[in-house]
Number of protein chains: 2
Amino acid sequence: MSDKEDAFTGARDAFIAEWGAMGSSWGINRTMAQVHALLFTSEDPLSTDEVMAELRISRGNANTTLRELVGWGLARSVIRKGERKEYFEAEKDVWRMFCIIARERKRREADPAVETLQRCLNAVSGHRSAQAATFRSQLESVLELMQLGGRVLERITSGERDRMMKLALKVLGAGGPRP
Amino acid sequence: MSDKEDAFTGARDAFIAEWGAMGSSWGINRTMAQVHALLFTSEDPLSTDEVMAELRISRGNANTTLRELVGWGLARSVIRKGERKEYFEAEKDVWRMFCIIARERKRREADPAVETLQRCLNAVSGHRSAQAATFRSQLESVLELMQLGGRVLERITSGERDRMMKLALKVLGAGGPRP
DNA sequence: CAGAACTTTCAGAATTGATTGAAAGCATGT
DNA sequence: ACATGCTTTCAATCAATTCTGAAAGTTCTG
C-alpha cells in the first residue's frame with residue numbers, strides 16, 4: 001500500500017504545484033492557490049496545522065492565507081462538535097468556484113479600472129488636436145469592449161451551470177464555417 | 001495651449017499608469033503594459049529613445065520590452081525610408097488586441113497546465129481509496145471545465161468581430177429571467 | 001480566575017522579479 | 001579599414017512581494 005500511497009501523494013503534490021503556478025500567473029498568490037488546491041482535493045476539512053504540515057509553511061502564512069480564501073468565498077470554516085480547532089473546507093463545485101473567482105476579480109480589478117478610464121476620457125473631452133483625437137478614440141474602444149465584456153461575464157456567472165453549458169455547446173456548434 | 005497640452009499629457013499618463021496596473025494583476029509585466037499603452041494611444045510609431053524618454057526607463061528595459069511586445073504580436077516594427085532607427089507601432093484594433101492576448105495566454109499558460117493535470121489524473125487512475133476518488137473526481141471536473149473553456153475561447157477569438165458582438169448581445173438578451 | 005488551546009499580528013528576513021547601464025555587437029556609409 | 005549610429009546583452013542593483021516565527025491576543029474549560 002505504501003507504494004500506492006506514495007504515488008497518490010506525488011500526483012497530488014504535482015497538482016498542488018501546478019495550481020500554485022497557475023495562480024501566480026493569474027495574479028493570485030502562489031501559496032493561496034496551493035492551499036486552495038489542497039482543500040479542494042481533500043476528502044475532509046483541514047485544520048491550520050494540517051495545512052502547515054502538508055505544505056511546509058509557517059503558522060502566520062497559513063492563517064493569513066486561509067482567512068483570505070474565506071474572504072474570497074472559496075473556503076469556509078467548519079467547527080466540529082467538541083473541538084476547539086477551526087477546520088476549513090473549499091467550495092467543491094468547479095463551476096461555482098469559477099464564478100466566484102470571475103466575479104470577484106471583476107469587482108476588485110476591472111470595475112475600478114473602468115472608472116479610472118472613464119475619468120481619463122472626460123479629462124480630454126475638450127481637446128481638439130490629432131493626438132487627443134487618437135487617444136480619445138482608442139480609449140473609447142477599450143471602454144466599450146470592457147463594459148460589454150463585463151456585462152457578459154455578469155450574465156454568464158449568474159446563470160445556472162446547466163444553462164451555461166448548453167450555451168457553450170451552442171457557441172461551439174455555431175462558430176464553424178457557415179453553411 | 002500649454003494648459004491643454006498639460007491636461008492631455010496628464011490624462012494620457014493616467015491611462016498609462018492604469019493600464020500598467022491592470023497588466024500587473026493579469027500576469028503581464030507592468031512596464032510592458034505601459035509601453036503598450038503608450039504605443040496604443042500614439043498617433044505615430046515611436047522609437048526606442050522616445051519610449052525611454054516618455055516613460056523614464058532605461059535603454060535595456062525599453063529594448064527588451066519592445067521585443068517582447070513584438071513577440072506577443074501586440075506591436076510591430078516599422079522602418080522609415082532613409083532612417084536607420086527602428087520605430088514601433090501597436091495593434092490599434094481593440095478586438096484584435098483582445099484576441100491576441102487571449103490566445104497567447106491560453107497557449108502559454110492554460111495548455112501546458114491542462115497537460116500537467118492530465119498527467120496527474122493518469123497517475124492516480126489505479127487507486128481505490130476514498131482520498132484518491134475525491135482527488136480524481138475533482139481533477140476530472142476541473143479538466144473538463146478548462147477544456148470546454150479553451151474550446152469556447154478558441155472559437156470566439158477566431159471569429160470575426162461583428163459576429164461575436166452579435167453573439168454577446170444575444171447572450172445579454174437571453175440571460176434574463178425566463179418568459 | 002488561572003491556565004490551556006487556539007488564533008492573530010507584524011517587524012524583519014528571504015525570496016523573487018524587474019531595472020539599470022555600460023560594454024559588446026552589428027550594420028551601414030565613406 | 002574605420003567611424004558612426006543604433007541594437008542587444010547581462011551582471012549587478014534595486015524594488016516589491018511573500019514568508020517566518022515569536023509575541024500578543026482571544027476564547028474556552030475546569
Side-chain angles (χ1 to χ4, degrees), chain A residues 16-39 45-72 75-89 105 108-109, chain B residues 16-39 45-72 75-89 105 108-109:
Chain A
I16 290 172
E18 188 65 28
W19 206 241
M22 275 186 66
S24 314
S25 65
W26 284 86
I28 287 164
N29 180 319
R30 203 184 70 246
T31 303
M32 182 169 152
Q34 288 180 340
V35 172
H36 177 251
L38 184 62
L39 296 179
L46 301 180
S47 68
T48 303
D49 294 77
E50 287 168 321
V51 171
M52 287 167 62
E54 287 282 356
L55 302 180
R56 249 64 69 81
I57 60 177
S58 72
R59 181 171 302 284
N61 198 5
N63 179 260
T64 309
T65 301
L66 285 165
R67 283 306 128 209
E68 233 164 329
L69 281 171
V70 172
W72 274 70
R76 84 198 70 157
S77 87
V78 175
I79 352 182
R80 290 179 179 164
K81 284 180 203 164
E83 285 215 61
R84 290 167 67 174
K85 232 181 286 194
E86 212 175 356
Y87 289 78
F88 298 87
E89 72 183 1
R105 296 203 71 182
R108 296 178 189 212
E109 295 158 25
Chain B
I16 289 173
E18 188 65 28
W19 207 242
M22 275 187 65
S24 312
S25 64
W26 284 84
I28 286 164
N29 181 315
R30 202 183 73 246
T31 303
M32 182 169 152
Q34 288 179 340
V35 172
H36 177 251
L38 183 62
L39 296 178
L46 301 180
S47 69
T48 303
D49 293 78
E50 288 168 319
V51 172
M52 286 167 62
E54 288 281 358
L55 302 180
R56 250 60 70 82
I57 61 176
S58 73
R59 181 170 301 285
N61 199 5
N63 177 60
T64 309
T65 301
L66 285 165
R67 283 308 127 207
E68 232 165 330
L69 281 171
V70 172
W72 273 70
R76 85 199 73 169
S77 85
V78 175
I79 352 183
R80 289 179 179 165
K81 285 180 202 163
E83 283 215 62
R84 290 168 67 176
K85 230 183 287 194
E86 211 175 356
Y87 288 78
F88 298 88
E89 72 183 1
R105 294 203 72 184
R108 296 178 189 214
E109 295 158 25

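Order of the sequence lines sets the chain letters (A, B, ...), proteins ahead of strands, with each chain counted from 1.
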Practice task
Round to a whole Å and report the spacing from CD of A/Glu86 to P of D/dC28.
Solution key: 11 Å

Problem - Short side-chain N/O contact to D/dT20 OP1/OP2 from A/Asn63, under 4.0 Å - result: no

Handout entry: N/O donor-acceptor pair under 3.5 Å between B/Arg105 side chain and B/Gly27 backbone
Key = no

Practice task
Write down the distance between CD (B/Gln34) and C1' (C/dT19), rounded to a whole number of angstrom.
Solution key: 13 Å

Problem - For A/Arg59 against A/Thr48, the heavy-atom pair lying closest together - result: NH1-CG2, 4.3 Å

Problem - Rounded distance (Å) that lies between atom P of C/dC6 and atom CZ of A/Phe88 - result: 13 Å

Practice task
Report yes if a side-chain nitrogen or oxygen of A/Arg59 is closer than 4.0 Å to either non-bridging phosphate oxygen (OP1 or OP2) of C/dT8; otherwise report no.
Solution key: no

Handout entry: Spacing of A/Asn29 atom CG relative to D/dT17 atom P, expressed in whole Å
Key = 11 Å

Practice task
Please confirm whether the backbone N or O of A/Ser47 pairs with a side-chain atom of A/Glu50, one donor and one acceptor, at under 3.5 Å?
Solution key: yes

Problem - Distance test, side-chain N/O of A/Thr31 to OP1/OP2 of D/dT18, below 4.0 Å - result: no

Handout entry: Nucleotide C/dA18, atom P - distance to CG of B/Asn61 in whole Å
Key = 10 Å

Exercise for the section: Figure out the NZ/C1' separation between A/Lys81 and D/dT29, and round it to whole Å. Expected result: 20 Å

Handout entry: Integer-rounded Å distance: D/dT20 P and A/Met52 CE
Key = 9 Å

Completion exercise
Result for 5'-nearest mapping on DNA chain C, choosing between A/Lys85 and A/Gly60, is A/Lys85

Handout entry: N/O donor-acceptor pair, side chain B/Arg84 with base C/dA27, under 3.5 angstrom
Key = yes

